[in-house]
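So the structure is just underneath, and the comments pick up after that.
When a ligand or atom number is given, it counts from 1 through the structure's own listing order. Model, not experiment: these values are computed from the prediction.
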Amino acid sequence: MSDSSAESVGTNSARSGADGPDLAGKRALVTGAASGIGAAVARRLAAVGAEVIAVDRSADAVEAVAAEIGAEARVVDLTDLDAAAELGDRVDIVVNNAGLQHVAPIHQFPTGTFSTMLRVMVEAPFRIVRAALPGMYTRGWGRVINISSVHGLRASPYKSAYVTAKHAIEGLSKTIALEGAGHGVTSNCVCPGFVRTPLVERQVAEQAELHRVPEGQVVEDVLLARTPIKRLVEPAEVAELAVWLCGPGTTSITGASFPMDGGWTAN
Ligand code: NAD
């Protein structure tokens, strides 16, 4: 990778009033862009000038986000791995974000759900990145951002598929980092604790039943039990970190994992 490609991203504090890297001319693919963290990342990437391709299986929702930010919407179910691979064509930034959760003890965990979760959160990212890397290598610049989780670094009971998938994406991310190192391609994981999104809101009822506590107590007593900072992370905060990883001065940041977990992993 040449020095010029290393600095091919500037800052754009003067542009549209948006602080952050200037990603004009970069094509950025964001999966799971219809909701929560993915929508926030897509919005932030568009705000700093990237050409965003917003991917989700929820057609109406992803089309609404795309229309709002001037992105291209692609309605794809990422369990279709061949369709996932097609998304990697001609992109400079890949944000592997789509994910789903299921909470159940291992001995009762539905086997099909386990397979689906690994497909969406591990195999689809592999197929997208596999397709995207040749173009990134040719252009001498690429950014792979994997929205992992604190569960990529720590386990929790009843989340076997999620913890397995997130640990796997951590390994994939490091391998991409090693292979991309000579080509201007970095790969990193962002590891949030609990973020205020529909994925977490859905867990509140499930966790209340499993832990036999009222739903009102689940956030503080169950979800944030190991988190010193007793607040949910906001999607925009995750987006800020993800987009920062695409900016100037990040050429040597690769193969890393960034907890944004209110101190959970400091324990
Ligand atoms: P969310 O449920 O709000 O959004 C997830 C999106 O992924 C949805 O729009 C959904 O339609 C899409 N999706 C799911 N399966 C798909 C499939 N097969 N094909 C295409 N799209 C699919 O969830 P979120 O909280 O924004 O989570 C986004 C990512 O952040 C996930 O990988 C999740 O594991 C991770 N994460 C979330 C939290 C949290 O507390 N919310 C914490 C750490 C990590």
Side-chain angles (χ1 to χ4, degrees), residues 29-44 53-66 73-87 94-103 112-113 115-125 127-128 145-156 159 161-170 172-173 189-204 206-207 218-219 222-224 226-227 229 231-239 241-242 257-262 264-265:
L29 182 85
V30 183
T31 68
S35 174
I37 294 167
V41 172
R43 286 189 180 99
R44 187 74 185 113
I53 302 142
V55 179
D56 209 285
R57 66 177 168 183
S58 297
D60 290 352
V62 76
E63 279 158 12
V65 170
R74 296 282 294 273
V75 180
V76 174
D77 187 329
L78 293 168
T79 58
D80 179 345
L81 297 179
D82 291 332
E86 285 175 23
L87 297 169
V94 172
V95 183
N96 285 314
N97 166 79
L100 61 165
Q101 179 62 280
H102 187 83
V103 179
T113 304
S115 299
T116 299
M117 289 174 69
L118 264 73
R119 208 167 234 256
V120 173
M121 294 196 276
V122 182
E123 290 194 62
R127 294 290 292 267
I128 292 168
I145 319 288
N146 301 296
I147 307 301
S148 173
S149 165
V150 74
H151 284 113
L153 310 170
R154 297 284 188 279
S156 288
K159 296 184 176 176
Y162 191 84
V163 169
T164 303
K166 293 303 188 185
H167 277 66
I169 196 76
E170 294 276 335
L172 177 62
S173 181
C189 286
V190 175
C191 305
F194 286 98
V195 185
R196 192 188 307 280
T197 72
L199 181 140
V200 161
E201 283 154 12
R202 282 191 291 272
Q203 282 179 64
V204 171
E206 290 175 316
Q207 292 280 7
V218 166
V219 170
V222 179
L223 301 187
L224 299 181
R226 287 169 288 182
T227 304
I229 297 176
R231 66 182 278 276
L232 296 174
V233 178
E234 297 298 332
E237 296 173 278
V238 182
L241 177 53
S257 300
F258 293 84
M260 185 181 269
D261 63 359
W264 178 341
T265 50

If we only count heavy atoms from C-beta on, is the [X] to [Y] side-chain gap below 4.5 Å?
X      : Y      : value
Leu78  : Arg57  : no
Val62  : Val55  : no
Asn146 : Leu172 : no
Val218 : Leu223 : yes

Ignoring hydrogens, just give me the one of [options] whose non-hydrogen atom is nearest [atom].
atom                    : options                     : answer
atom 6 (C) of ligand 1  : Leu232, Asp56, Val55, Val41 : Asp56
atom 13 (N) of ligand 1 : Arg57, Arg202, Arg196       : Arg57
atom 40 (O) of ligand 1 : Asn146, Val195, Leu100      : Val195
atom 1 (P) of ligand 1  : Ala84, Ser35, Gly36         : Ser35

Any nitrogen or oxygen of [X], side chain or backbone, less than 3.5 Å from one on ligand 1?
X      : value
Val150 : no
Met121 : no
Thr197 : yes
Ile37  : yes

For ligand 1, is there an atom lying under 4.0 Å from some heavy atom of [X]?
X      : answer
Ala39  : no
Val76  : yes
Gln101 : no
Ser148 : yes

Near [X], which atoms of ligand 1 are under 4.0 Å from a heavy atom of that residue?
X      : value
Asp77  : 17 (C), 18 (N), 19 (N)
Pro198 : 3 (O)
Gly32  : 6 (C), 7 (O), 12 (C)
Val120 : 18 (N)
Phe194 : 40 (O)
Val200 : 39 (C), 40 (O), 41 (N)
Ala34  : 9 (O)

Return the [atom1] to [atom2] distance between [X] and [Y], rounded to the nearest 0.5 Å.
X      : Y      : atom1 : atom2 : value
Leu118 : Thr113 : CG    : OG1   : 11.5 Å
Arg127 : Asn96  : CZ    : CG    : 13.5 Å
Asp77  : Asp56  : CG    : CG    : 9.5 Å

Does the plane of the ring in Trp264 sit parallel, tilted or perpendicular to the ring in Phe194? Use 30° and 60° as the thresholds.
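Taking Phe194 first and then Trp264, their aromatic rings lie parallel (interplane angle under 30°).
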
Identify, for [atom], the protein heavy atom at the shortest distance, and state residue, atom and that distance.
atom                    : answer
atom 29 (C) of ligand 1 : Asn97 O, 3.0 Å
atom 5 (C) of ligand 1  : Gly99 O, 3.8 Å
atom 43 (C) of ligand 1 : Pro192 O, 3.4 Å
atom 27 (O) of ligand 1 : Leu199 CD1, 4.0 Å
atom 36 (N) of ligand 1 : Tyr162 OH, 3.4 Å

Taking Arg154 for its side chain and Thr265 for its backbone only, find out whether a donor-acceptor pair lies under 3.5 Å.
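At least one qualifying donor-acceptor pair exists.
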
Who are the side-chain hydrogen bond (donor to acceptor under 3.5 Å, both in side chains) partners of Glu123, not counting sequence neighbours?
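Counting only residues at least two positions away or on another chain, Glu123 forms no side-chain hydrogen bond (donor to acceptor under 3.5 Å, both in side chains).
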
With sequence neighbours left out, write down each residue that passes side-chain hydrogen bond (donor to acceptor under 3.5 Å, both in side chains) with Glu237, or none if nothing qualifies.
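Glu237: side-chain hydrogen bond (donor to acceptor under 3.5 Å, both in side chains) contacts with Arg231.
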
Just to verify, which of His167, Glu170, Lys166 counts as forming a side chain to side chain donor-acceptor pair (under 3.5 Å) with Ser148?
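Option passing the side chain to side chain donor-acceptor pair (under 3.5 Å) with Ser148: Glu170.
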
